[in-house]
Chemist: 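Quick one: the structure is below, and I'll ask about it shortly.
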Amino acid sequence: MAEQRVTEQLDETECLRLISAGGVGRIAYSGRYGPAVLPVNYTLFEGSIVFRTAPGSPMDEDLRTGISDAEYQVAFEIDEIDMAAREGWSVLIQGSAHHVDDEAERASLSRAGVEPWPGGERELFLRVVPSRITGRRIRRADRPASG
């Protein structure tokens, strides 16, 4: 008999706890060639998701509206999956993406420690300001709800 699994909804506090260590997440947005989902190294900094890309890169261009202070709506997803145990969690952050152009804010974000994996210049910081944070966990029914 297969082990029973339970899906539980996670509150915002638990979602933030799970993603607080940073790592790799995926940004999803509608680009000039249609929907795009790309992996990026991120950190959680002052309640926002922060990552870096190259100035003039396709992502940089796709996430610019051309209107000063306009917001570009994105989704950002982080997960951890144990394939062998058939357990895991996933957190979805929906919100606006902002290019960080202010030098003081860039200096602050530099100290946050987010480092891109690819080589080359990745000096453009992007910040996703959450408007909605949701998550869920799939676990064995005989395991406790938290953890």
Side-chain angles (χ1 to χ4, degrees), residues 5-139 143-147:
R5 298 287 185 269
V6 174
T7 301
E8 65 181 283
Q9 299 304 310
L10 304 176
D11 65 22
E12 188 172 313
T13 300
E14 179 66 357
C15 289
L16 291 172
R17 184 190 72 77
L18 289 169
I19 68 171
S20 65
V24 176
R26 284 165 289 291
I27 184 161
Y29 59 91
S30 181
R32 56 198 143 156
Y33 301 112
V37 180
L38 300 169
V40 295
N41 270 27
Y42 79 93
T43 191
L44 182 64
F45 184 72
E46 297 178 347
S48 297
I49 297 292
V50 177
F51 62 94
R52 293 165 57 173
T53 191
S57 68
M59 185 188 318
D60 172 22
E61 291 177 10
D62 282 348
L63 294 179
R64 287 196 187 270
T65 63
I67 302 168
S68 180
D69 298 322
E71 297 181 345
Y72 198 99
Q73 296 301 304
V74 299
F76 197 87
E77 191 267 347
I78 307 105
D79 58 35
E80 184 174 294
I81 299 168
D82 182 336
M83 295 296 284
R86 295 178 46 209
E87 295 182 312
W89 56 262
S90 136
V91 171
L92 178 64
I93 295 173
Q94 295 165 298
S96 55
H98 300 276
H99 286 73
V100 178
D101 296 321
D102 179 76
E103 284 304 316
E105 187 178 6
R106 285 176 47 79
S108 176
L109 294 178
S110 292
R111 291 188 297 276
V114 64
E115 293 294 332
W117 281 3
E121 294 296 316
R122 303 276 192 270
E123 296 306 317
L124 173 62
F125 286 87
L126 291 167
R127 177 179 279 211
V128 177
V129 179
S131 57
R132 183 169 187 245
I133 301 173
T134 58
R136 68 183 189 152
R137 179 184 287 125
I138 298 173
R139 60 178 172 77
R143 290 212 180 164
S146 63

Chemist: Drop me the distance from Ser90's OG to Ile81's CD1, to the nearest 0.5 angstrom.
Modeler: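 Those atoms lie 7.5 Å apart.
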Chemist: Under a 4.5 Å cut-off applied to non-hydrogen side-chain atoms, are Met59 and Ile27 in contact?
Modeler: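 The answer is yes, as the side chains (C-beta and beyond) meet within the 4.5 Å cut-off.
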Chemist: Should we count CZ of Arg136 as having more than 12 external heavy atoms under 6.0 Å?
Modeler: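 No, because the 6.0 Å sphere around CZ of Arg136 holds 12 heavy atoms or fewer from other groups.
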Chemist: Measure across Gly95 and Ser131 and return the closest heavy-atom pair with its distance rounded to 0.1 Å.
Modeler: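 Minimum heavy-atom separation between Gly95 and Ser131: CA-OG, 3.6 Å.
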Chemist: List the residues meeting side-chain hydrogen bond (donor to acceptor under 3.5 Å, both in side chains) with Thr134, not counting sequence neighbours, and say none if there are none.
Modeler: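 Scan of Thr134 (side-chain hydrogen bond (donor to acceptor under 3.5 Å, both in side chains), adjacent residues dropped) gives none.
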Chemist: Distance check, rounded to the nearest 0.5 Å: Glu105 atom CD versus His99 atom NE2?
Modeler: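 One finds 12.5 Å between CD of Glu105 and NE2 of His99.
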Chemist: Testing the basics here: between Ala54 and Asp60, what is the closest heavy-atom pair and its distance to 0.1 Å?
Modeler: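 In this case the closest contact between Ala54 and Asp60 is O-CB, 3.8 Å.
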Chemist: Any side-chain heavy atom of Val40 within less than 4.5 Å of one from Leu126?
Modeler: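 Val40 does not reach Leu126 side chain to side chain.
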Chemist: Sequence neighbours excluded, which residues qualify as side-chain contact (heavy atoms from CB on, under 4.5 Å) partners of Thr43?
Modeler: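 Thr43 satisfies side-chain contact (heavy atoms from CB on, under 4.5 Å) with Phe45, Val50, Ala112, Val114 once adjacent residues are dropped.
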Chemist: Are any of the side-chain heavy atoms of Leu63 and Tyr29 separated by less than 4.5 Å?
Modeler: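 Result yes, sub-4.5 Å side-chain heavy-atom pair found.
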Chemist: Per the ring-ring contact (aromatic ring centres under 6.0 Å, His included) rule, which among Phe125, Phe51, Phe76 passes with Tyr42?
Modeler: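 One option only clears the test, and that one is Phe76.
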Chemist: Where is the tightest heavy-atom contact between Ala97 and Val74, given as atom of each residue plus distance?
Modeler: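 Of all heavy-atom pairs spanning Ala97 and Val74, the closest is CB-CG1, 3.9 Å.
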Chemist: Could I get the full list of side-chain contact (heavy atoms from CB on, under 4.5 Å) partners for Glu103, not counting sequence neighbours?
Modeler: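 Here the qualifying residues are Arg106.
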Chemist: Would you call Arg132 and Ile93 a side-chain contact if the rule is heavy atoms closer than 4.5 Å?
Modeler: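 No, side chains not in contact.
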Chemist: Any side-chain heavy atom of Arg137 sitting closer than 4.5 Å to one from Gln9?
Modeler: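 When only atoms from C-beta onward are counted, Gln9 and Arg137 do not touch, as no gap falls below 4.5 Å.
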Chemist: Nearest 0.5 Å, what's the CG-SG distance between Asp11 and Cys15?
Modeler: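 Taking CG in Asp11 and SG in Cys15, the distance rounds to 7.0 Å.
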Chemist: Given Arg139, which partner from the list Glu8, Glu87, Glu80 fulfils the salt bridge (charged side-chain N to carboxylate O under 4.0 Å, His left out) test?
Modeler: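 When salt bridge (charged side-chain N to carboxylate O under 4.0 Å, His left out) is applied between Arg139 and each of Glu8, Glu87, Glu80, only Glu8 qualifies.
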Chemist: Please name all residues satisfying side-chain hydrogen bond (donor to acceptor under 3.5 Å, both in side chains) with Arg5, sequence neighbours left out, ordered by chain then number.
Modeler: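 If we apply the side-chain hydrogen bond (donor to acceptor under 3.5 Å, both in side chains) test to Arg5, skipping adjacent residues, there are no hits.
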Chemist: Sequence neighbours excluded, which residues qualify as salt bridge (Lys or Arg N to Asp or Glu O under 4.0 Å) partners of Glu12?
Modeler: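 For Glu12, no residue satisfies salt bridge (Lys or Arg N to Asp or Glu O under 4.0 Å) once neighbours in sequence are set aside.
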Chemist: Only counting residues at least two apart or in another chain, list the ones meeting side-chain hydrogen bond (donor to acceptor under 3.5 Å, both in side chains) with Ser57.
Modeler: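 side-chain hydrogen bond (donor to acceptor under 3.5 Å, both in side chains) check on Ser57 returns Thr53.
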Chemist: Of all the heavy-atom pairs spanning Leu92 and Glu77, show the shortest one and how long it is.
Modeler: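 Leu92 and Glu77 have their closest heavy atoms at CD1-CB, 4.4 Å.
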Chemist: Just wondering, do Arg32 and Glu61 contact through their side chains at under 4.5 Å, heavy atoms?
Modeler: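 Yes, their side chains come closer than 4.5 Å.
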Chemist: Side-chain contact test, heavy atoms from C-beta onward, threshold under 4.5 Å: evaluate it for Trp89 versus Ile19 and give yes or no.
Modeler: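 Side chain of Trp89 against side chain of Ile19, heavy atoms only: contact under 4.5 Å found.
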Chemist: For Ile78 versus Val24, what's the shortest heavy-atom pair and its separation?
Modeler: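 Scanning both residues, the minimum pair turns out to be CG2-O, 4.0 Å.
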Chemist: Find out whether Asp79 and Val91 are in side-chain contact, i.e. whether some heavy atom of one side chain is under 4.5 Å from a heavy atom of the other.
Modeler: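 No. Closest side-chain heavy atoms not under 4.5 Å.
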Chemist: Keeping the roles fixed (side chain from Ser96, backbone from Tyr72), state whether a donor-acceptor pair exists under 3.5 Å.
Modeler: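 It does not hold such a pair.
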Chemist: Show the nearest heavy-atom pair for residues Val129 and Ser48, with the distance to one decimal.
Modeler: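 Shortest heavy-atom contact: CG2-OG, 3.9 Å.
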